[in-house]
Amino acid sequence: MMGYGHITGSFTLDSSLINQGPFEEVKRKDIIGDQGGGGVVRVENRKRDSGVFGFSGWGNIGESLGGFLGGRELSSIKETRVSSNSKSIPILSTPQSILFVDLQLQPGESRSYKYRHSLPRGLPPTHRGRAIKVTYNLVVGTQRAARGGSELNVRHVDIPFRVLPGVNGRGDVLGHDLMSPHIILKSNATISSIAETQEWSHIASKLPSSQEGNDSPQDFLSYVETMLERRRQSSGLGLLSPTEGGYRSITPTAEEPATMKEAIDLAILQSTTITSSRKSANRFEITRSGYRVAVIMLARPAYRLGETVSVAVAFDDTDIPCYSLHATLESAETIDPAIALRSKASIQRVTRRVHAARTESTIFSCRVVFSPVIPISGTPTFITSGVSHEWRLRFEFVTSQTKNVEEPDTSAEDLLEEITPRDDKERERGRIMAGVEAMACETFEVTVPLEVYGSTAAFDEQQDAGEFAV
């Protein structure tokens with residue numbers, strides 16, 4: 001028995017929103033995603049699969065792998081036609097890496113192999129939207145040698161995995177050109193066999209220890225010495241936590257971030273600074289026809305997946321009273337006008353996805369707080385040449401008419417009306433007031449952009465990433 005593994009990535013587009021004509025050229029590059037999985041094929045292969053194992057056995061690994069990856073009399077020209085007629089468009093293709101050759105297993109016996117392959121920088125994340133869907137799979141296949149005149153026993157499985165967008169050293173999200181897929185012709189994968197004892201020790205190392213927290217006095221003294229040494233080097237870094245290992249401070253004056261997580265942390269830290277134009281990125285004054293309505297204040301304009309967005313809307317010292325406020329946390333896709341089949345407003349309406357919403361009566365409110373949570377399963381912000389994904393906060397204000405601004409502020413008497421009593425006894429008891437059924441008002445909405453990074457709120461590259469390259 002022999003086996004192989006490789007990584008494939010593809011995306012599909014909604015034909016009702018995007019013109020797919022320009023992407024036909026990408027399909028003609030003959031990238032074999034599901035079976036070939038690695039490269040440009042131009043030569044027709046006329047060898048039969050049965051001939052590979054019927055005459056040469058396992059001696060020729062290249063021919064065995066070629067028959068392994070195709071069906072009976074399946075030429076590369078035929079695979080090209082199937083690829084061009086498919087709706088999926090390739091975005092990543094790695095060559096096949098042989099995991100094992102001539103493997104023989106007894107009943108009940110198992111073997112484990114470790115496959116590690118680094119991904120190119122700038123890949124769009126895994127996304128299941130309306131306009132575009134991006135998926136990545138790890139394809140693992142096995143094949144048994146044919147016996148006599150029987151056909152080859154070929155099996156493969158597609159294991160989906162999630163990809164998060166990458167950033168540069170300044171925290172800027174890296175973009176991708178959908179017309180230029182990553183075709184990796186040379187295998188850079190690292191494959192090794194995992195012995196049974198190593199496999200069990202690897203699993204045991206991830207299990208929580210029952211003696212965690214019972215540190216010896218020497219460990220405590222070592223921690224104190226490390227803390228004092230760090231304090232002597234820089235008094236602004238603060239104290240270390242005894243439960244944290246490998247602590248590395250992220251400050252605006254630090255060197256280039258060593259990991260992608262540190263680059264995201266630095267970008268979030270610097271997102272609250274005031275720009276050179278003296279404009280704050282987390283405070284927005286909302287006006288209507290030149291009259292002040294409210295002030296929207298954010299804790300910070302950049303967040304990670306799984307974090308809570310803290311928003312406060314203040315209504316003190318306003319010129320126009322606000323009767324109601326509807327706030328939503330939403331995401332939407334934007335399409336390049338060159339390939340879009342609809343208007344920008346129509347695309348925003350179709351691709352819009354609401355993750356959290358709240359409606360609040362603000363007739364006599366001074367401040368309203370909105371704290372939505374960014375779902376950890378959501379897609380972070382990403383940029384491509386054709387389709388991009390954005391996050392924003394949308395606020396819909398219901399205010400009085402702007403032509404009545406010069407009149408006195410709205411009072412309780414203006415919002416209540418007297419109910420006519422049914423008889424003299426009810427009239428003698430007093431006045432019965434109820435809220436008005438209709439009142440003159442105006443509505444308008446504003447949007448505040450957010451930057452959502454792929455790093456989750458509680459992400460540890462050493463633990464969460466496991467054996468995969470990040």
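Identified under the ring-ring contact (aromatic ring centres under 6.0 Å, His included) test for residues 330-357, with sequence neighbours left out: His355-Trp391. Within the structure, no pair that satisfies the side chain to side chain donor-acceptor pair (under 3.5 Å) test touches residues 336-346, not counting sequence neighbours.
With His127 as the partner, the ring-ring contact (aromatic ring centres under 6.0 Å, His included) test is satisfied by one option alone out of Phe382, Tyr136, Phe11: Phe382. Glu330 pairs with exactly one of Arg352, Arg353, Arg349 by the salt bridge (Lys or Arg N to Asp or Glu O under 4.0 Å) rule, that one being Arg352.
For Thr443, there are no side-chain hydrogen bond (donor to acceptor under 3.5 Å, both in side chains) partners at least two apart in sequence or on another chain.
When all heavy atoms of Ala340 and Ile335 are compared, the closest pair comes out as CB-CG2, 3.9 Å. Between Ser97 and Ala189 the shortest heavy-atom distance is OG-CB, 3.5 Å.
Distance check, rounded to the nearest 0.5 Å: CG of Leu99 to OG1 of Thr142 gives 10.0 Å.
Judged purely by distance below 3.5 Å, without hydrogens or angles, the side chains of Thr379 and His389 never pair a donor atom with an acceptor atom.
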From CA spacing to verdict: ring-ring contact (aromatic ring centres under 6.0 Å, His included), Tyr303, Tyr453: CA-CA 6 Å; Tyr303 294 86; Tyr453 289 99; over 10 Å; no

Stepwise, does the side chain to side chain donor-acceptor pair (under 3.5 Å) test hold for His176 with Thr384? CA-CA 5 Å; His176 175 73; Thr384 65; over 6 Å; no

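Ion pair Glu451/Arg304 not flagged as a salt bridge, since none of the NZ, NE, NH1 or NH2 atoms sits closer than 4.0 Å to an Asp/Glu carboxylate oxygen. The pair Glu442-Arg288 meets the salt-bridge criterion, with a side-chain N (NZ, NE, NH1 or NH2) lying under 4.0 Å from an Asp/Glu carboxylate O. A salt bridge is absent between Glu396 and Arg394; no separation between the charged side-chain nitrogens and carboxylate oxygens falls under 4.0 Å.
Aromatic ring centres of His6 and His117 lie farther apart than the 6.0 Å criterion allows.
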